[in-house]
Amino acid sequence: GRVMLMQRAAAKLAGALSYYRGAAERTGFAERAVCQVARFKQAGQTCEDIRQLAGRQNGALAGKLRDLALLYEAYERSLSGRYLDGEDEEREAAARVARAPKVRGSLIWFYGFDLYSPSLSRALIALGRACPVVTAALVVENDPAAPDRAVYQSAKKSLDRLLRLARNEGVAVGQAR
């Protein structure tokens, strides 16, 4: 479904696209474009954010980002009021969690993920606002001299991003080591 919506959007934009003008008709392009839009959404980036970023770039990167902003916007218009994609579902769930009677006041234990994506982090922050305690467990290496420290760098960055977001949103944070 999402790929078909993107194919339709790319076809309607055929004359407006510059960098991806010919690519829009190639097999697999719509699927790759949907994946890229999902990455933007997971990172909390809007069509306008991508458009502004394109304006600060030069050459091929500027053209790619401009086209992706156009495709993203057209894709969002196709979804609007009728469909939700996975990223929209996550955003909607995070927005609703604070109002859910069964969630409010609950003690939450969250474990089993190697990384916290930006959208998952936003859901945890929403839970943190609604619940007295949310425990999110993530394995990271705290010893700077550990020989396998590099293996844990992605998890550490993910945790740091979650902690930064929590602090920025006024959600109390404690850490166990």
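Values below: every heavy atom of this structure, side chains too, minus hydrogens, waters and symmetry copies. Keep in mind it's a predicted model, so treat the numbers as computed, not measured.
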Check your understanding: Who passes salt bridge (Lys or Arg N to Asp or Glu O under 4.0 Å) against Asp49, sequence neighbours left out?
Key -> none
Practice item. Run the numbers on Gln36 and Met6 for side chain to side chain contact (heavy atoms under 4.5 Å, CB included), then give the verdict. Key: CA-CA 11 Å; Gln36 186 58 56; Met6 184 60 78; over 6 Å; no
**Study point:** pair Pro132-Leu107: side-chain heavy atoms closer than 4.5 Å
**Key:** yes
Exercise for review: Check salt bridge (Lys or Arg N to Asp or Glu O under 4.0 Å) between Glu48 and all other residues, then give those that pass, not counting sequence neighbours.
Suggested key: Arg51
Exercise for review: Determine whether Leu120 and Phe110 make a side-chain contact, defined as any pair of heavy atoms from C-beta on separated by less than 4.5 Å.
Suggested key: yes
Check your understanding: Residues two or more places apart in sequence or in another chain: which of them pass side-chain hydrogen bond (donor to acceptor under 3.5 Å, both in side chains) with Ser18?
Key -> Asp67
Check your understanding: What is the distance from atom CZ of Arg2 to atom SG of Cys35, rounded to the nearest 0.5 Å?
Key -> 7.0 Å
Review point. Gln57: what forms a side-chain hydrogen bond (donor to acceptor under 3.5 Å, both in side chains) with it, not counting sequence neighbours?
Key: none
Review point. Are any non-hydrogen side-chain atoms of Gln45 and Leu53 less than 4.5 angstrom apart?
Key: no
Review point. Is any side-chain N of the basic residue among Asp160 and Arg164 closer than 4.0 Å to the acidic one's carboxylate O?
Key: no
**Study point:** Ser121 side-chain N/O to Leu162 backbone N/O, donor-acceptor pair under 3.5 Å
**Key:** no
**Study point:** Set of residues satisfying side-chain hydrogen bond (donor to acceptor under 3.5 Å, both in side chains) with respect to Arg32, sequence neighbours excluded
**Key:** none
Point to revise | Val133 with Leu127, same ILVMFWY side-chain cluster at under 4.5 Å | key: no
Check your understanding: Glu31 versus Val34: any side-chain heavy-atom pair under 4.5 Å?
Key -> no
Exercise for review: Mind checking side-chain hydrogen bond (donor to acceptor under 3.5 Å, both in side chains) for Arg129 and listing every partner two or more places apart, or none if nothing turns up?
Suggested key: Glu169
Point to revise | Validation row: Tyr20, Leu68 side chains within 4.5 angstrom (heavy atoms) | key: yes
Review point. Is there a chain of hydrophobic side chains (I, L, V, M, F, W, Y, each step under 4.5 Å between heavy atoms) that links Leu71 to Leu61?
Key: yes
